[in-house]
Protein chains: 2
Amino acid sequence: MSGGSTPIRLLLADDQALVRGALAALLSLEEDLTVVAEVGRGDEVVPEARRSAPDVALLDVEMPGLDGIAATSALRVALPTCRVLVVTTFGRPGYLRRAMEAGASGFVVKDTPARQLADAVRRVHAGLRVVDPTLAAETLATGASPLTERETEVLRTARGGGTVADLARALHLSEGTVRNHLSAAIGKTGARNRADAIRVAERNGWLLGE
Amino acid sequence: MSGGSTPIRLLLADDQALVRGALAALLSLEEDLTVVAEVGRGDEVVPEARRSAPDVALLDVEMPGLDGIAATSALRVALPTCRVLVVTTFGRPGYLRRAMEAGASGFVVKDTPARQLADAVRRVHAGLRVVDPTLAAETLATGASPLTERETEVLRTARGGGTVADLARALHLSEGTVRNHLSAAIGKTGARNRADAIRVAERNGWLLGE
DNA sequence: TCCCGGCCGTGACATTTGTCAGGGGCCGGA
DNA sequence: TCCGGCCCCTGACAAATGTCACGGCCGGGA
């Protein structure tokens, strides 16, 4: 596959400098791969990609500035020829769905053996799709978020803690409305608590989008 | 420091295979370092260390089976000559304190530049202590956990969600007692909620120990 | 020895939370 | 056009939560 000609150019985005560097070291061992850029924030992805023109971008989901999903969308618009491989810590079903919808070509969890990463990169570069099979099944089973937009927003805000009154003030809603949304969210998630609902929604990746 | 003689033998412990492999690649680039073992669970650290006799062990804090702190203690007992360098995602003040108390020689956050890791390993191997200065300051400021043993236990159990009745049943306590402990914990953490208290305690690393 | 603090429990109380039954406005599809 | 879904609000209710004051049991230090 690597005919000794031009290697695949990679951009790495991960907020943890240590893993970022380690991934760079790992991938640089492959002679048909070369890391041309590293960034630690989501909002640096597009500017840096413009400068370094990578073939494939490895994006973490959890990043400051802009999450990996949003960065994927932006990058697809700015550099349509650059493929995106999303690498994340959490195998949350919603993440995979959102990533694919945003235009990612692949989705890999950080649990996967290190040896497979280079292959994933090559596959993605070749125009194929790479998806963790376990996660794909789970995604289909879990389905998209059942939460309405407001419910999601309320839950997201409630994540930070605080009483109903606090939430109502922050969201410019009535306390009763906030309670109703929370109640609906609790029902839909099958939780028994507000805290429970937040945990469920978070685990499924339904709380993305800042 | 590396006289071309025997290299420093390393054991890596991290539950994320990808990061583990990447770290191995990164550290293997240094000619005075060699990775002799990799494990993905805390309870595999000691058995594997017995077999491979490493000079330095790099342990993640968040691991299944046994957390990195507990693994540190166990390793210090089993192989007193093997130094421990704790590497973690979260810069929680309590983690650093607990790690040092457990006998770790160094503590590094995954935010630190990749280039410094090898140096940290060498320092630790040389008998020096390596500590993130920012974190050290924060640790002193935050201080040890103000929570009593039972309060910690109750909070830890409450983390999983569930009502007071559930907690009481799980802990073989009366509901009133559980409420009292929770109330005390809420007061001590300066939180306004149970959920809030859990978040604060967790962020400070006061909820360790399974 | 006494005292203090952690621990366990009780009971009562105010507050917060979650639920339910309404009502009205908006928009898009049948 | 009407209907259904989402959104916002109200009001009321039961349940859960958080607080307080109280008492008793223990163990360690002054």
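Contacts between residues 168-183 of chain A and DNA chain D, defined by a heavy-atom separation below 4.0 Å, involve A:L173, A:S174, A:G176, A:T177, A:N180, A:H181, listed by number. In the region residues 195-202 of chain B, proximity to DNA chain D at under 4.0 angstrom, judged on heavy atoms, holds for none of the residues.
Residue B:D166 contributes atom CG, which lies 16 Å from atom P of D:dA15 at whole-angstrom precision. Atom pair B:I186:CD1 and D:dC20:C1' shows a separation of 14 Å (rounding to whole Å applied). Rounded to whole Å, the distance from CD on B:E149 to C1' on D:dG27 is 14 Å. Distance CG (A:L167) to C1' (D:dC9): 17 Å, rounded to an integer number of Å. Between the P atom of C:dT15 and the CG atom of B:N193 lies a distance of 16 Å, rounded to the nearest Å. The separation between A:K188 atom NZ and C:dG18 atom P is 16 Å, rounded to whole Å. One can place CZ of B:R192 at 11 Å from P of D:dT19, the figure rounded to the nearest angstrom.
With a 4.5 Å cut-off on side-chain heavy atoms, B:E153 and B:L171 count as touching.
Taking every heavy atom of both residues into account, A:A118 and A:L33 meet most closely at CB-CD1, 4.0 Å. What you find for A:R194 and A:T163 is that their closest heavy atoms are NH1-C, 4.3 Å.
In this structure, A:R150 does not reach the D:dC6 phosphate: none of its side-chain N or O atoms is under 4.0 Å from OP1 or OP2.
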